[in-house]
Structure formats: C-alpha cells, structure tokens
Amino acid sequence: MSVPALKSTDYKSPVTPIWCPGCGHFAVLSAVTKALAYLGLPREQVALVSGIGCSSRLPAYVESYGFHGVHGRALAVAAGLKAAREDLTVLVAGGDGDGFSIGGNHLLHACRRNMDLTYIVMDNEVYGMTKGQASPTTAPEWRRSKLTPHGPGVRRFQPAAIALAAGASFIARGFSGDPSLLSRLLVQAIRHRGFSFLHVLSPCLTFRPDEKEWKQKVHPFADSPTSNAVEAARLIQADDGMSLGLIYAEDLPVWQPASECSASLADFEAEFRL
Ligand code: SF4
Ligand code: MG
C-alpha cells in the first residue's frame, strides 16, 4: 500500500508561533514546510537544530525531530548529529546574533568541513529576543539602541563573503518578503550535497521598523550563479547586501566521519589514564 504524500501543513507542529505579528520568520517557517513537502521527506528523516533567539524557535513549529539548543552552538550540535546519523536530513536554523557573533567560530569550521548540512540564518540585523541590541550585521550608524546611542560604529560582518572564504560549497540569499524564491532556494540548498549556507533577510518589525523598506530595496543578483569560487567572490564584492538568489554552488569533498567507532570505552580509558 502506497503512503500518501505529505502536504506542507503536515510538517507544521501543533505549537503556535509566538513571534510578533509581521515578523519575517513566519515566511521562513512556511518555506521550510513547503520545501520538505516538495522534496517528499519523511518527517522522521528530518532534524532541525537551532541555537537561541527568536528565529531559533523554529524547530518547535516543525513536525520533525528538533533540538532548540545552546546559544551559538547549533552548528556544533548539528555536525555531531550528522556524524552519527548520516541518513538524516539535518537543517540548522538561527539568527544573526546567534550565528555570526557567539557562533561565528563554529560557522567558519562548518563551512570548511563541508558536511551535508543546510544552515538557514534569519538575519534582521538586530538581537530581537533581548529587545533590540546591535548585532554583527547592524549598520555602524544605527542609533536606535540605548546600548549604542551613537551607533555600534563597527563595520558589518559580511556573511556571504565569509562563508565563501571559509569554504562553504553553496551560498544563497533569500528574503522573507519573497516566499516563493525562498522555498526554491531552500529546496536547492537541501538537495545540494555539502554545507549549504542560506542567508535570509528576515525583518524584525518590532525593533527594526525601518526594515519594512527592504521590500523596495531588494533586487536579483546582477549575474547568474556560478560554480567558480573566484567568480562568486567577484559577485559578492559587487553586492550591496540586498541582492537575492543563488550565488554559488560547487561539488566539493564532503566530510563525513565513519559512524562506527572501532575503539572501545576501555581503550579510551587506557589512553587517558594518568
Ligand atoms: Fe520577530 Fe523581532 Fe518579534 Fe523577535 S522581536 S519575534 S525577530 S519581530
Ligand atoms: Mg537577529
């Protein structure tokens, strides 16, 4: 007897999102469930791992395995899970604060390791959950936070350029205000074998009402996507941060350790005995 195909609503959990009305993350949740349904992935074959922050609540809202974890450590947890369970489709979700500040070092090494993971970063250029502090992607002159009344005064973190330099094999940028592009990019990211970095412009209308203007500012990348890292670097350097689409995808060696460990616990104890 054939199993009926799942619809996107079948991937939505009974937990009601507590995001603010108008938050960009609703569109990301919808893109995730649509992409999973499109790919026909069984729910028990999918795991969503996150860190801490508004966007990191995503696993609770998806009917799959999920782990809402530790601030900035989502990629470390996801890499461990993928190392132990290669058969799972592992998605990682978080925000700009979680992924680019405290989790920045994990991002570099996840890119270079190129495990078969999909990392979705919902970037709203602010720490939303802790009420509006500047994050690594906040513009230097942004003055709305009481903690940085003169603006952070620091150049922004450049997610796509850093992911490319660190060795990610798939880099794309989506926007919550363009849900069909977002779903398509997510399908491509999941299908890509290797570390897929999906940077999503996802407005926080509560602490960054100015991000309503993103709808008028976004535009497609000037050039077609490439599988050449030098070409991708040129594309990213020419980007104003509001270009949308696939930037780069290349088949590079994927790191996947053997899931079986040949050493016993007694071997480890002997190795580390003082
Ligand atoms: Fe979304 Fe911002 Fe509200 Fe957090 S604070 S749920 S990021 S709108
Ligand atoms: Mg944020």
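Given the structure is predicted, the values throughout are model-derived calculations rather than measurements. Both counts, for ligands and for their atoms, begin at 1 and track the order of listing.
Side-chain atoms of His25 and Ser176 form no donor-acceptor pair, as typed in the model, at a separation below 3.5 Å. Looking only at atom types and distance, the side chain of His219 has a donor-acceptor partner in the side chain of Asp240 under 3.5 Å away. Asp96 and Ser135 share a donor-acceptor pair across their side chains, judged by distance under 3.5 Å alone.
Contact annotation: the side chain of Glu125 approaches that of Arg156 to within less than 4.5 Å [non-hydrogen atoms, C-beta and beyond].
Partners of Arg143 according to the side chain to side chain donor-acceptor pair (under 3.5 Å) rule, which considers only residues two or more places apart in sequence or in another chain, do not exist here. Scanning for ring-ring contact (aromatic ring centres under 6.0 Å, His included) contacts around Phe26 gives Trp19, with sequence neighbours left out.
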side-chain contact (heavy atoms from CB on, under 4.5 Å) between Arg43 and Leu6: does it pass, once the steps are laid out? CA-CA 9 Å; Arg43 290 174 292 199; Leu6 295 174; 3.9 Å; yes
- Task: Show your working on side-chain contact (heavy atoms from CB on, under 4.5 Å) between Lys82 and Gln256 and close with a plain yes or no.
- Result: CA-CA 8 Å; Lys82 188 70 182 176; Gln256 180 64 43; 3.8 Å; yes
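Residues Val200 and Leu246 share a hydrophobic cluster, clusters being chains of Ile/Leu/Val/Met/Phe/Trp/Tyr side chains in contact below 4.5 Å.
For ligand 1, residues of the protein lying within 4.0 angstrom by heavy-atom distance are Trp19, Cys20, Cys23, His25, Cys54, Asn124, Gly128, Cys204, Leu205, Thr206, Phe207.
If you look at the Mg ion (ligand 2), the protein N, O or S atoms less than 2.8 Å from it are Asp96 OD1, Asn124 OD1, Val126 O.
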